[in-house]
Amino acid sequence: MSRPVNFSAGPSMIPIDVLESLAANMVDYEGTGLSLIEVSHRGAVYDKVHNDTISLLKELMRIPDGYSVLFIGGGATLQFSMLPMNLMLSGGSADYVNSGAWAKKAIAEAKKVGTVNVIFDGSEGGFKSLPDPAALKPSAGSSYLHITSNETIGGVQFKSFPETGDVPLIADMSSDILSRPVDVSKFGVIYAGAQKNLGPSGVAIAIIRDDLLERSSDSLGAYLNYSVHAKANSLYNTPPAFPIWGIKLVLEGVKARGGAAAVAKENDAQAAVLYDAIDSSGGFYSCPVEKSVRSSMNIVWRLAEEDKEAVFIKEASEAGLIGLKGHRSVGGCRASLYNAMTMEGVKRLTSFMADFAAKNG
Ligand SMILES: *Cc1c(COP(=O)(O)O)cnc(C)c1O
């Protein structure tokens, strides 16, 4: 069976051995005689998957003591709402960096809860750059400072993070979680939808510094309350068992590859090959993003002749290179090189790009 190389932004490529393991164990989970998705979430079989997944994430991200790892349904989008509901102090305000499409959505939800200070606004520059993290300082009285570590649509990525002192730093890491080592102790909350770097869709992960759980008000709906999830070890209600199982297998694969640092090296090498193909194309292809903040996960580019972009995407797809259409809000081309991507896949793309440029240049 020949599978296409999947450059989709999310849901995205899942390692083939993970898919095979899910398939092989779907009906009879590891010899238990039943599927994992038909047994009690309070039984021993599921419990082990649940807790192994949490332990593996703690190990691979070096999450220090004093943080809780939560599984919450609703994707990163629900976190846009839950975060301000739980963490904005009453009558308070929070700082947001407007770095692109996802930050804008986070800001829109936070505005429904309290006052938002947009401390950097990249919209005038078309979201092609990011602020210097050292220049990002929290406003007086701010409940937290929120960034989007990697903008999946615009292709900009923070390479280092602001120092925010006593004000908790919050990051939406949906599209670059576990793609590189990160010092978790610098953050109050890290959250991410699973379906880019971690596994199947259907769950978000929230990593929360435990003292912040005290901010969650009892008046919140139970499912919307971080503290409720933390106290119940994410078993307040039936958890999304299937995606959590998939995440466990993905994390085992990351561990076998040598962890976040080893994966980061491979990711950077793959991104460098693709950016180089764009930059050395004599202007046939061009990347609009400022070099210092180019994402190693989502690489965006245009063709000098924009009317050829649709042909490029169609012919690439016929050649087994799929998911290269830029987000509908921005157009152009995009390749998502998440952890599951291989150098072989990237080289198939760059060789297709060279051929296409030769034929159409
Ligand atoms: C995909 C994405 C989201 C939205 O995730 P859902 O799980 O679909 O809600 C939010 N933020 C970023 C950075 C993303 O890439």
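Just so it is clear, the values below take in all heavy atoms, side chains as well, and ignore hydrogens, waters and symmetry mates. Just so we're clear, the structure is a prediction, and the values are computed from it rather than from any experiment. When a ligand or atom number is given, it counts from 1 through the structure's own listing order.
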Worksheet item: For the rings on His229 and Tyr223, is their centre-to-centre separation under 6.0 Å?
Response: yes
Practice prompt. Count the heavy atoms belonging to other residues, nucleotides or ligands that lie under 6.0 Å from CD of Glu344, then report whether that count exceeds 12.
Written response: no
Fill in: Positive for side-chain hydrogen bond (donor to acceptor under 3.5 Å, both in side chains) with Asn150, one of Ser295, Ser174, Ser99
Ser295
Discussion item. Looking only at the side chains, is there a donor atom on one of Tyr144 and Tyr96 sitting less than 3.5 Å from an acceptor on the other?
Written reply: yes
Item to complete: List, ordered by chain and residue number, the protein residues whose closest non-hydrogen atom lies under 4.0 Å from any atom of ligand 1.
Response: Gly75, Ala76, Thr77, Phe80, Trp102, Thr148, Asn150, Thr152, Asp172, Ser174, Ser175, Gln195, Lys196
Discussion item. Quick one, Leu349 and Val5 - any side-chain contact, counting heavy atoms below 4.5 Å?
Written reply: no
Item to complete: Describe, in one word, how the ring planes of His146 and Tyr191 are oriented to each other, choosing from parallel (under 30°), tilted (30 to 60°) and perpendicular (over 60°).
Response: tilted
